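Have a look at the structure below, then the notes.
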Amino acid sequence: MHPLTFAQWKERAAQAKIRTRHYIDGEFRDAIGGGVFSVVNPADGSVLAKVGKGGADDIDVAVASARKTFKDGVWSRMDPRDRMDVLYRLAGLIERDAEEFALLDTLCMGKPISDMLAGDVPFSQLTFQFFAECIDKMTGHLTNTDANSLHYISREPLGVVGCIVPWNYPLMMAAWKVAPALAAGNSVVLKPAEQSPLSALLLAELFVEAGGPPGVFNVVNGLGEEAGKALALHRDVDKISFTGSVEVGKLMLIYAGQSNMKRVSTECGGKSPQIILADAVDLDVAAEYVVNGIFANQGEVCSAGSRILVQSSIHDDFLARVLDKASNAFAPGHPLDPATTMGPLVTREQRERVLGYVAHGREEGATLAYEGSLGSAVEGGFYVAPTLFTEVRPAMRIAREEIFGPVAAVMSFETPDEAIRIANDSIYGLAASVWTGSLSRAHRMARDIEAGMIWVNCYDHGDMTQPWGGYKQSGNGRDKCFEALLAHTQTKSVWVHLG
Ligand code: NAD
């Protein structure tokens with residue numbers, strides 16, 4: 001547990017430095033139109049800050065600044081080792097300011113402060129370290145051509161990359177998008193989610209403190225359909241790197257078609273199955289992972305294991321273990337309390353949406369087997385208790401749609417083939433887990449499940465080498481991993497006639 005107490009975090013929160021303006025060309029600037037939007041603290045519903053509301057004019061200025069630095073070559077042509085040094089220093093500054101980052105994200109999206117300190121902040125630091133390490137490992141190559149020719153293929157940055165990110169891991173999603181774009185030598189305009197723009201502004205400021213040239217990494221705040229849309233439609237942006245919902249991910253592809261056919265990578269939602277077979281080696285361990293897989297981060301996780309598929313012969317036994325773990329591990333509480341494992345949902349609307357799904361579940365005839373207590377939840381906050389339905393049928397909405405809250409749907413199956421059929425019966429294909437003691441069954445199921453990430457006898461394990469992304473409508477991109485760096489480059493073929 002972190003040494004600061006709840007009372008000390010509350011004191012820090014009262015004194016927190018909140019940045020509210022865009023960060024363009026190395027300085028904070030007001031929104032050109034002068035408008036603002038409110039960022040609300042979901043722990044109690046209070047207004048945390050009024051943040052400058054960007055629109056097409058602000059995006060134009062930020063893109064121009066990014067383009068200018070790209071053309072100048074201050075970053076794109078900087079010696080690779082020097083570019084590495086800047087990103088390493090940035091990683092060090094994230095570590096130095098870990099508490100400030102943790103506080104900012106906890107204040108605006110309600111994530112438990114302990115999760116920020118143990119997860120989001122160190123993983124964001126690691127993301128910059130990893131992509132810094134990759135910079136001079138990226139190579140072009142020479143092809144085997146005729147004796148009169150020399151043909152080499154090099155990799156060049158794309159130019160200006162627009163990054164659009166969601167609110168569920170504000171700092172980490174920004175890091176996953178911005179770090180590979182910068183490492184490849186691009187300039188960046190980041191549009192954070194309107195619910196959680198605060199840590200992105202600190203990150204961009206620290207990039208300059210780390211020695212990054214002003215104008216290479218810009219942040220424009222604003223609403224999705226205003227600033228986000230203007231960025232995605234911009235004709236001088238070469239790529240949109242997007243994480244968010246399927247609905248908006250599809251808009252990104254449309255915007256690219258309506259403008260300059262920019263590249264688009266999408267990381268979208270999921271309805272990931274956790275499959276527990278009767279031959280699983282340790283049902284207690286499986287139950288613990290299953291509970292974390294759905295209730296961690298309030299269920300606001302793209303890879304949340306929201307469909308729990310249990311082989312019928314162990315269904316009741318396994319369910320009893322899950323309920324036991326769930327009631328001990330997750331109860332909503334104030335996110336600044338270091339003992340809290342579950343904070344509020346991000347907004348009042350998100351809470352209503354999630355409770356709407358709980359109502360659908362009841363109406364459709366699923367059994368509400370568990371509704372946790374609201375624990376020490378705070379008056380005015382957007383809390384939802386951990387909830388679990390059993391006797392869910394694959395056709396029900398709670399089994400098909402991404403809820404993005406702490407609501408689990410338990411289904412039972414007879415055979416591994418049936419489990420695969422249910423698992424694949426989804427528009428999504430982000431992640432899945434299989435719990436079994438049989439090596440061959442594990443590999444067969446991993447092969448047959450249509451998802452970008454399969455966990456065998458674990459959930460949510462991974463490191464920076466893991467390509468993070470999905471099949472089907474979970475998106476077409478891959479975050480983390482070396483390929484994410486390559487996806488921010490384009491190849492150039494140079495054919496030399498030797499005469
Ligand atoms: P969202 O799609 O509503 O918003 C994401 C971002 O897009 C925000 O910055 C928003 O302002 C912007 N946006 C919204 N409308 C826009 C428009 N018309 N034009 C341009 N930009 C627009 O998603 P959200 O509610 O912020 O995040 C939750 C979703 O993100 C879930 O579906 C979740 O699964 C997904 N997600 C996926 C991953 C992954 O790696 N696959 C990771 C985290 C979250």
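These values consider heavy atoms only, across backbone and side chains, with no hydrogens, waters or symmetry-generated copies. As the structure lists them, so they are numbered: ligands from 1, and atoms in each ligand from 1. Remember, it's a predicted structure, so these values are computed and weren't measured experimentally.
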E402 and ligand 1 - part of the residue with a heavy-atom distance under 4.0 Å: side chain
Sub-6.0 Å ring centroid separation between F207 and W75: yes
Part of C268 within contact of ligand 1 (heavy atoms, under 4.0 Å): backbone
Protein heavy-atom partner closest to atom 17 (C) of ligand 1 - residue, atom, separation in Å: G224 O, 3.4 Å
S303 and S272 side chains, donor-acceptor separation under 3.5 Å: no
G269 neighbourhood, listing ligand 1 atoms whose heavy-atom distance to it stays under 4.0 Å: 32 (O), 34 (O)
Residue-ligand contact D479/ligand 1, heavy atom below 4.0 Å: no
Identity of the nearest option to atom 20 (C) of ligand 1, non-hydrogen atoms only, from P192, S196, G228, A227: G228
Pair R19 + E205, salt bridge at N-O below 4.0 Å: yes
Plane angle bin for H360 and Y357 - parallel if under 30°, tilted between 30 and 60°, otherwise perpendicular: perpendicular
Sub-4.0 Å heavy-atom approach of Y169 to ligand 1: no
Presence of salt bridge, D30 and R21, under 4.0 angstrom: yes
Within reach of ligand 1, part of V165 (heavy-atom separation under 4.0 Å): backbone
Where ligand 1 meets L251 - atom numbers and elements under 4.0 angstrom, heavy-atom basis: 18 (N)
Residues Y289 and H461: side-chain donor-acceptor under 3.5 angstrom: yes
Side-chain heavy atoms of F242 within contact of C163, under 4.5 Å: no
Atom 28 (C) of ligand 1 [closest protein heavy-atom partner, distance rounded to 0.1 Å]: F404 CE2, 3.5 Å
Ligand 1 contact on M252 by region, counting heavy-atom pairs under 4.0 Å: side chain
Min side-chain heavy-atom separation I135-L87 under 4.5 Å: yes
Carboxylate-amine/guanidinium proximity below 4.0 Å for K271 and E401: no
N/O separation below 3.5 Å, E194 to ligand 1: yes
Location of contacts on S245 toward ligand 1, heavy atoms closer than 4.0 Å: both
Backbone or side-chain N or O of W167 under 3.5 Å from ligand 1 N or O: yes
Q195 contact mode with ligand 1 (heavy-atom cut-off under 4.0 Å): neither
Residues H488 and N186: side-chain donor-acceptor under 3.5 angstrom: no
Nearest-neighbour protein heavy atom for atom 39 (C) of ligand 1, which is reported as residue plus atom name and distance: C302 SG, 3.3 Å
Atom 4 (O) of ligand 1 protein-contacted, heavy-atom criterion under 4.0 angstrom: no
Side-chain donor-acceptor pair present, K480, T127, cut-off under 3.5 Å: no
V248, portion touching ligand 1 at heavy-atom distance under 4.0 Å: side chain
Identity and separation of the nearest protein heavy atom to atom 40 (O) of ligand 1: W468 NE1, 3.0 Å
